[in-house]
*Asks:* 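Below is the structure I would like to discuss, written out as structure tokens.
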Amino acid sequence: MKKFLTVALGICLAASNVSAEQPKAQEYREILSSEKFYVEYDDAYVKKIIVEDSGRRMTRVDLNSANKNMVAILNPLAQLFEGGFSKYPDFMYYKNKYYKFSEKETATMIQVSQLNDENLNPVEGWAIIDKELSLPDELAVFNWNERHHKVSKNMAVPTFANTLKKVVDGKEYTCDRYESDVTNSSGVKEATIIFDMCYNEKGELALVQSAIFANGKEYGINKLTIKKILREIPKDAIILDKNAKVYAAGIGDMNDLLENPVPLGKLQDIQDS
């Protein structure tokens, strides 16, 4: 009887291990919910960097490593401009203000309270500013309700489903699967969004795949290759030019028509005001 119970307990423990999140999942959840973190990942042809630093969110998109190397081979002179590839942000949020940088010395700014202004110049793309600053859905699994992450109310918060083995590009990973149900306006489930968080042999998150399961079939959505998720921000990860000139967002007035944006001052004076 004792032997039977021991075997049964072993089976139960094995089953529970298979259905538990990977050990580092909670650590990633804590990092991406904290006031300071650094994220770097490849998404198709680009590398994206996200920095959170005590209420300041900055993001930048570059060519990923493979494409950067190709550009350097095809055009060696490209490395001479801006030190190769810019480290300045593309977008920033800080103290209820959004910034878009067209270059390191120039930014356009809008107050959060202005986002719903119907007169905003649509060409400037303020409607998707939070998307530009947000964690991608595939990483937001660890912090779904972070302030910049916006999804339809019909999409539920992803929950852990199970652990599985997957082979991606010829390499095997241990993957935690999370699922999010998508319902219609009547509350009826129409599909399930799947997020497979895949860990390498060191137990580190290496890639994330997303897919949609509907009508009995699974359709791939996206794949991210995770480079870094850190508690501390590397030095000069993203550089802010405090002397950058800041202009007001276009509001469909004569200044827009004349392409003469209203100057607001220098970044160092505006960001803390």
Side-chain angles (χ1 to χ4, degrees), residues 31-41 46-63 81-136 139-140 143 145-151 228 230-273:
I31 292 173
L32 296 179
S33 301
S34 69
E35 292 186 353
K36 181 179 286 189
F37 62 74
Y38 174 88
V39 171
E40 181 180 324
Y41 64 88
V46 300
K47 175 180 76 174
K48 185 166 185 178
I49 290 173
I50 304 173
V51 169
E52 177 72 23
D53 188 3
S54 302
R56 187 192 303 274
R57 172 67 61 87
M58 295 182 287
T59 61
R60 188 179 81 245
V61 174
D62 294 330
L63 293 174
F81 297 95
E82 298 294 340
F85 296 87
S86 173
K87 286 193 173 183
Y88 297 93
D90 294 324
F91 303 94
M92 182 175 77
Y93 166 87
Y94 187 56
K95 290 188 175 181
N96 291 316
K97 301 181 183 76
Y98 292 105
Y99 299 82
K100 291 176 58 179
F101 293 83
S102 55
E103 51 191 60
K104 70 176 185 178
E105 304 95 347
T106 308
T108 305
M109 187 272 286
I110 186 174
Q111 300 276 354
V112 170
S113 58
Q114 292 180 272
L115 281 181
N116 294 322
D117 189 337
E118 61 183 16
N119 294 315
L120 282 175
N121 186 348
V123 175
E124 293 183 359
W126 294 106
I128 60 170
I129 186 67
D130 275 310
K131 181 177 177 61
E132 300 288 356
L133 290 163
S134 173
L135 293 169
L139 285 177
N143 187 10
N145 295 315
E146 72 117 340
R147 67 163 297 129
H148 300 290
H149 186 238
K150 314 292 185 184
V151 294
K228 297 177 184 177
L230 305 174
R231 294 182 184 275
E232 296 299 324
I233 302 167
K235 183 180 179 181
D236 296 335
I238 293 185
I239 301 171
L240 268 182
D241 182 352
K242 295 182 179 180
N243 290 314
K245 297 177 182 178
V246 181
Y247 296 86
I251 53 173
D253 57 11
M254 186 61 69
N255 290 300
D256 281 1
L257 184 63
L258 298 175
E259 297 184 352
N260 185 32
V262 178
L264 298 176
K266 293 182 178 181
L267 180 62
Q268 63 184 356
D269 300 321
I270 294 171
Q271 61 181 342
D272 291 318
S273 62

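Since the structure is predicted, the reported quantities are computational estimates derived from the model, not experimental observations.
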*Asks:* Show the nearest heavy-atom pair for residues Tyr94 and Ser54, with the distance to one decimal.
*Replies:*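 Heavy atoms of Tyr94 and Ser54 come nearest at CE1-O, 4.4 Å.
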
*Asks:* From Asn145 CG over to Lys150 NZ, what is the distance, rounded to the nearest 0.5 angstrom?
*Replies:*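 That separation rounds to 10.0 Å.
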
*Asks:* Which heavy-atom pair separates Leu240 from Phe101 by the least distance, and what is that distance?
*Replies:*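 Result for this residue pair: CD2-CZ, 3.9 Å.
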
*Asks:* Looking just at side-chain N and O atoms, do Asp130 and Tyr93 make a donor-acceptor pair shorter than 3.5 Å?
*Replies:*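 Result is no, nothing qualifies.
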
*Asks:* Restricting to non-hydrogen atoms, name the atom on Ile233 and the atom on Tyr38 that form the minimum distance, rounded to 0.1 Å.
*Replies:*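 Looks like CA-CB, 4.2 Å.
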
*Asks:* Counting heavy atoms not belonging to Lys266, are there more than 12 under 6.0 Å from its NZ?
*Replies:*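 Count not over threshold, so no.
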
*Asks:* According to side chain to side chain donor-acceptor pair (under 3.5 Å), who are the partners of Arg231, at least two apart in sequence or on a separate chain?
*Replies:*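 Side chain to side chain donor-acceptor pair (under 3.5 Å) list for Arg231, sorted by chain: empty.
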
*Asks:* Starting at CD of Glu52, measure out to OG of Ser33 and round the result to the nearest 0.5 Å.
*Replies:*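 The distance works out to 10.5 Å.
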
*Asks:* Restricting to non-hydrogen atoms, name the atom on Ile110 and the atom on Ala249 that form the minimum distance, rounded to 0.1 Å.
*Replies:*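 Heavy atoms of Ile110 and Ala249 come nearest at CB-CB, 4.1 Å.
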
*Asks:* Please report the closest heavy-atom contact between Tyr99 and Gln271, naming both atoms and the distance.
*Replies:*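 In terms of heavy atoms, the two residues are closest at OH-CA, 3.3 Å.
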
*Asks:* Rounded to the nearest 0.5 Å, what's the gap from OG1 on Thr106 to OH on Tyr247? Could you check?
*Replies:*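 The OH atom of Tyr247 is 6.0 Å from OG1 of Thr106, to the nearest 0.5 Å.
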
*Asks:* Measure the CG-CE distance between Asp53 and Met58 for me, rounded to the nearest 0.5 Å.
*Replies:*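 With rounding to 0.5 Å, CG (Asp53) is 6.5 Å from CE (Met58).
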
*Asks:* Please lay out, stage by stage, how Tyr98 and Leu115 fare under the test side chain to side chain contact (heavy atoms under 4.5 Å, CB included).
*Replies:* CA-CA 10 Å; Tyr98 292 105; Leu115 281 181; 3.4 Å; yes

*Asks:* Quick one: side chain to side chain contact (heavy atoms under 4.5 Å, CB included) partners of Phe91, sequence neighbours excluded?
*Replies:*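 Counting only residues at least two positions away or on another chain, Phe91 forms a side chain to side chain contact (heavy atoms under 4.5 Å, CB included) with Thr59, Lys100, Ile129, Glu132, Leu133.
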
*Asks:* Give a yes or no answer on whether the side chain of Ser134 reaches the backbone of Lys131 with a donor-acceptor pair at less than 3.5 Å.
*Replies:*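 No: the side chain of Ser134 does not pair with the backbone of Lys131.
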
*Asks:* State whether the side chain of Glu146 and the backbone N or O of Leu135 hold a donor-acceptor pair below 3.5 Å, judged by distance alone.
*Replies:*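 Side chain of Glu146 to backbone of Leu135: a pair is present.
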
*Asks:* Could you tell me which non-hydrogen atom of Asp90 sits nearest to which non-hydrogen atom of Arg60, and how far apart they are?
*Replies:*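 Closest approach of Asp90 to Arg60, heavy atoms only: OD2-CA, 3.3 Å.
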
*Asks:* Is any side-chain heavy atom of Arg56 closer than 4.5 Å to a side-chain heavy atom of Ile238?
*Replies:*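 The answer is no; the side chains never approach within 4.5 Å.
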
*Asks:* Flag yes if more than 12 heavy atoms outside Lys97 fall under 6.0 Å of its NZ atom; otherwise flag no.
*Replies:*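 It does: Lys97 NZ has more than 12 such atoms within range.
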
*Asks:* State the CG-CE distance between Leu264 and Met109, to the nearest 0.5 angstrom.
*Replies:*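 That separation rounds to 5.0 Å.
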
*Asks:* Given side chain to side chain contact (heavy atoms under 4.5 Å, CB included), test Asn243 with Gln268 step by step and report yes or no.
*Replies:* CA-CA 6 Å; Asn243 290 314; Gln268 63 184 356; 3.4 Å; yes

*Asks:* How long is the straight-line distance from CD1 of Ile50 back to CD of Glu40, given to the nearest 0.5 Å?
*Replies:*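 Between atom CD of Glu40 and atom CD1 of Ile50 there are 11.0 Å.
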
